[in-house]
Structures are given as structure tokens and as C-alpha cells.
There are 2 protein chains.
Amino acid sequence: MSTVAPDKLQARADRKTRKRQKKKDRIARSAMQALQELGYANTSLRDIAARADLSLGMLHYYFEDRTQLILHCVSLYKAAFISGLEEALSDASGREPVINALANALATSIIEDASTHRLWYDIRGQAMFDPAFRPVVADIEASLMAVIETAAEKTGSARPGVGELGYALIDGVFRYQMQNQVTGTPRNHESLANEMRSVLETLF
Amino acid sequence: MSTVAPDKLQARADRKTRKRQKKKDRIARSAMQALQELGYANTSLRDIAARADLSLGMLHYYFEDRTQLILHCVSLYKAAFISGLEEALSDASGREPVINALANALATSIIEDASTHRLWYDIRGQAMFDPAFRPVVADIEASLMAVIETAAEKTGSARPGVGELGYALIDGVFRYQMQNQVTGTPRNHESLANEMRSVLETLF
DNA sequence: CATAGAATCGGACACTTGTCCAAATTTTAT
DNA sequence: ATAAAATTTGGACAAGTGTCCGATTCTATG
């Protein structure tokens, strides 16, 4: 029947699915624009399609439904933010340098990606009501705790549970900084980093 | 024309508006049930009407629109939660008692009113996208910072900005505790209070 | 008791939503 | 070049939304 070897067929199918993945990523990145601006509750598929210059049917062709599309967007957030933190941390060693690296990376992200984080907090809140979002949220939070944990180890202040508690504390400050950045009182990098540094000093 | 004295008329009008306020409160308290369960994005006026045994027109008769109704609900949250904290704090004096009172009050509220706080965090998140919610949110947050501030004074550890930073830190832990309570791993009062106490010890 | 005004109801209204599909177009494989 | 498959389109569709209003019932006032 088939005129080509099975492994050829396999490779071909793989190429297809990889290409499809890339396309999904591109669509999701476009969708992010609308989601970041309008928020989960106020963004319709038509908003996304319009801002991304895509037809409505396309979204359904690449994503099963609205939830799957948003979930994909959140995964992209995770990849970008977490790997940025890990990189910043990997370059540092010694207590003060590690604290500085973390504080600086967080402050930079507040200034550059405030509206991305705003969307993240929106989705995390939705997960409190819609269980469909919980696995992705739990996954991201676990990664963030792991980042805190390695930072704690690098500063020689690793205690049991420091990842979990540290995440909650840092997140509280980080979210509040984001809120001020978005709703009225933006601060500069130095001010944000200083505040975060003082928190990390008492944590580690 | 009028056969009664003007102050009589005034008193009558006042009684009317007071009665109307009470009714609005009662409706809002009923609406809370639906909102707490379904969240801001997934609660329609029909959900509210059904669960509160009210007609759809009633909601429009007492509240200008959906936003006003939800805003009223959030105000009720503020009144209940903040006054509870203030009361708990007013009974205590001396460093350890104050820290204990605050930690206990917060832990109790996590256990008893987890889904109310879940709604609060939902609304606070909405405020990041819809400016209509920001004044109420800012008002509540200011009250919470004031509570932290007085607690700091009572423990003799008042520094400039302790209310703001303290709020961000405590809120981070409080929200995370709420999340665990709601999505899977509920803890008992002692465990919650202990964690919060250790945070307050380092803050104050 | 009569009656004006408030309170309540149930449904109409215009609009938006997510989902889906048949047809048209483009890409790929033979 | 031709057939087959993948992609893209534009719109249809039903369900759900907030808002609003005429008709009805209740309540208090004279």
C-alpha cells in the first residue's frame, strides 16, 4: 500500500505536528495582546480574532475551545518568566549577589511586563472558581517555589518550607507592586528593587 | 398644599430611604451567596435572582446596574471583615498578645469565610482591568493597612511604611492560605495561626 | 374606605457569546 | 499536473446576557 518506509511517514507526521505547535504558539502570542489588555472576563474570541487579524474559525481550528486557548497562553507566560528568573539566578553566587540578582530580575519584570503579570493574577484568580485552570496554575506556582528554594540554597539559608512561604511573601509584595504600577503610582526600577531586596534580606 | 409640617415630611422620607437601604443590604447579602460560589465572571443576574428567590426586575429596581450591585456586596465584605479585625485588636495590648490576636483572627477568618475572601480577591483582580472597581478596592486596602499600622504601633514597632509593606506581605500569605483551603489542602486553625504568627514576628 | 405611590413580577428587547460547519483556498504528495 | 489533504474563511446558530418596562399587587396615607 504505502510506497514509503514507515519511519519516513513518522518523520513527516512529526514535522506536521511541530509546525502545528508553532502556529498555535503564534496564535497564542497574538491572543495574549487582547487578554492582557482586557482581562479574562472581558475578552471574547472576537476580540482576540480582531486584534490578531485572524478569522474566528481559526481559533476553533487550532484550539478545542476558549479555555484551551487561554491555558496555552498561560503556559507561554510560564516559560518566559520562569526561565528568565532561573537565568538571572544561575549567573549569581554568594549571598548578596543572589539577593541582588533576584531583586533586580523581579523589578525589571514589573516595569517591563506589568500587564502580563496582571493577566497571570487574573487567571490564577479564575482558577479559584474554575478547576480547569488549576493544574496549570499549580504547575507554575510549583516552579516559582522551586526558584525561591534554589535561591535560598545559594544564600545558605535553606530551611524546610522556605520555598512555599517565600513564594507567598514575595508574591504578596510583587503583586502589590504590579498593582501600583498599573493603577496609578508607577515607581522606578531602583525603588522597586530596594523594597524587594529588603524583603529577601529578612527571608534569606 | 401639604397638610403636614415639613419636618414630618423629612422624617418620613428618611424612614423610606433607610428602609430602602436595609432592603438593598438584604438583597446584596443574598447576592453574595451566588457570587461567592460562582465568581464575578460566571455569575449572571439570573443566577443571583434564582438563588436569592428574587425576580430579575427587583435587582434593577434597587440597583442601577450589575456593577453597582457587586460594589455594594464588596462594601458589605469590608464592613464585616475589617470591623472584626479591629475588634480583635482592640482587646489586646502588649507585643505577644497583639500578634496572637491578629494571627488568630486571620486564621479564624480563613476557616470560616474562605469563599468570601475568594470573592474579594476576584473583585480586586477585576479592579486591575475595570476602573469602576478601583475606588472601593483602594478604600478597603487603605483600611487594612491602617489595621496593620495600629497593630505595629501596639507592638512598639511602628516604622514609616510598615502598614503598606505589612499589608503586602500578610496578604500574600493570607491569600495563599485561602487558596489551599479552597482548592484542596485545608489546614486546621492552629497550623494557619502558627504560620501567620511567624510572619508577624519578623514583621513587628 | 379610597387612592396614590411604592414594590414586585414576568417577560420582551437588543446584543454578545462560544461553537460549529460548508464552502473556498492553499499546500502537499504522487 | 492532479488528486488529496490541510488550512482558512465568513457566517449561521442557539443559548445566554444586561437592561428595561407595562401590568399587577401591596401598603400606607388622607
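Lettering follows sequence order; numbering is per chain, from 1.
- Residue A:S44 places its side chain closer to C:dT17 than to any other of C:dA7, D:dT19, C:dT17.
- Between A:T43 and A:D47, the side chains place no donor N or O within less than 3.5 Å of an acceptor N or O (distance only, hydrogens not considered).
- Computed from coordinates, the B:E64 CD to D:dC20 C1' distance equals 13 Å when rounded to whole Å.
- At the phosphate of C:dT27, neither OP1 nor OP2 sits under 4.0 Å from any side-chain N or O atom of A:K23.
- In the set C:dG18, D:dT19, D:dT7, D:dT7 carries the atom at the smallest distance from any side-chain atom of A:R20.
- Separating the CD1 atom of A:I70 from the C1' atom of C:dT17 is a distance of 13 Å, rounded to the nearest angstrom.
- Among the heavy atoms of the strands lying under 4.0 Å from A:L56 is at least one base atom, whether or not backbone atoms are also near.
- B:V74 is listed as a side-chain neighbour of B:W120, based on a closest heavy-atom distance under 4.5 Å.
- Among the atoms of the strands shown, only primed sugar atoms or phosphate atoms (P, OP1, OP2) are found under 4.0 Å from some heavy atom of B:Y62.
- Proximity note for A:Y61 (side chain, C-beta onward) versus D:dT8, C:dT17, C:dC9: the nearest is D:dT8.
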Which atom pairs, donor and acceptor, lie under 3.5 Å between side-chain atoms of residues 196-204 of chain A and protein residues at least two apart or in another chain?
{"from": "A:R197", "atom 1": "NH1", "to": "A:N100", "atom 2": "OD1", "distance (Å)": "2.5"}
{"from": "A:R197", "atom 1": "NH2", "to": "A:N194", "atom 2": "OD1", "distance (Å)": "2.6"}
{"from": "A:S198", "atom 1": "OG", "to": "A:E195", "atom 2": "O", "distance (Å)": "2.9"}
{"from": "A:E201", "atom 1": "OE1", "to": "A:R95", "atom 2": "NH2", "distance (Å)": "2.8"}
{"from": "A:T202", "atom 1": "OG1", "to": "A:V199", "atom 2": "O", "distance (Å)": "3.1"}

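- B:M58 comes within contact range of the sugar-phosphate backbone alone, with a heavy-atom separation under 4.0 Å but no base atom that close.
- C:dT16 atom C1' lies 14 Å from atom CG of A:L38, rounded to whole Å.
- The side chain of A:K19 sits closest to C:dT27 out of C:dT27, C:dT8, D:dG18.
- Atom pair B:R66:CZ and D:dG16:P shows a separation of 16 Å (rounding to whole Å applied).
- Taking atom NE2 on A:H60 and atom C1' on C:dT19, their separation rounds to 6 Å, with Å as the unit.
- Relative to the side chain of B:S55, the nucleotides C:dG18, D:dG18, C:dT8 differ in distance, and C:dT8 lies closest.
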Side chains of residues 134-146 of chain B: which donor-acceptor partners sit under 3.5 Å, not counting sequence neighbours?
{"from": "B:R134", "atom 1": "NE", "to": "B:A127", "atom 2": "O", "distance (Å)": "2.8"}
{"from": "B:R134", "atom 1": "NH2", "to": "B:M128", "atom 2": "O", "distance (Å)": "3.3"}
{"from": "B:D139", "atom 1": "OD2", "to": "B:K78", "atom 2": "NZ", "distance (Å)": "3.1"}
{"from": "B:E141", "atom 1": "OE1", "to": "A:Q179", "atom 2": "NE2", "distance (Å)": "2.7"}
{"from": "B:E141", "atom 1": "OE2", "to": "A:Q179", "atom 2": "NE2", "distance (Å)": "3.4"}
{"from": "B:E141", "atom 1": "OE2", "to": "B:Y167", "atom 2": "OH", "distance (Å)": "2.6"}
{"from": "B:S143", "atom 1": "OG", "to": "B:K78", "atom 2": "NZ", "distance (Å)": "2.8"}
{"from": "B:S143", "atom 1": "OG", "to": "B:D139", "atom 2": "O", "distance (Å)": "3.2"}

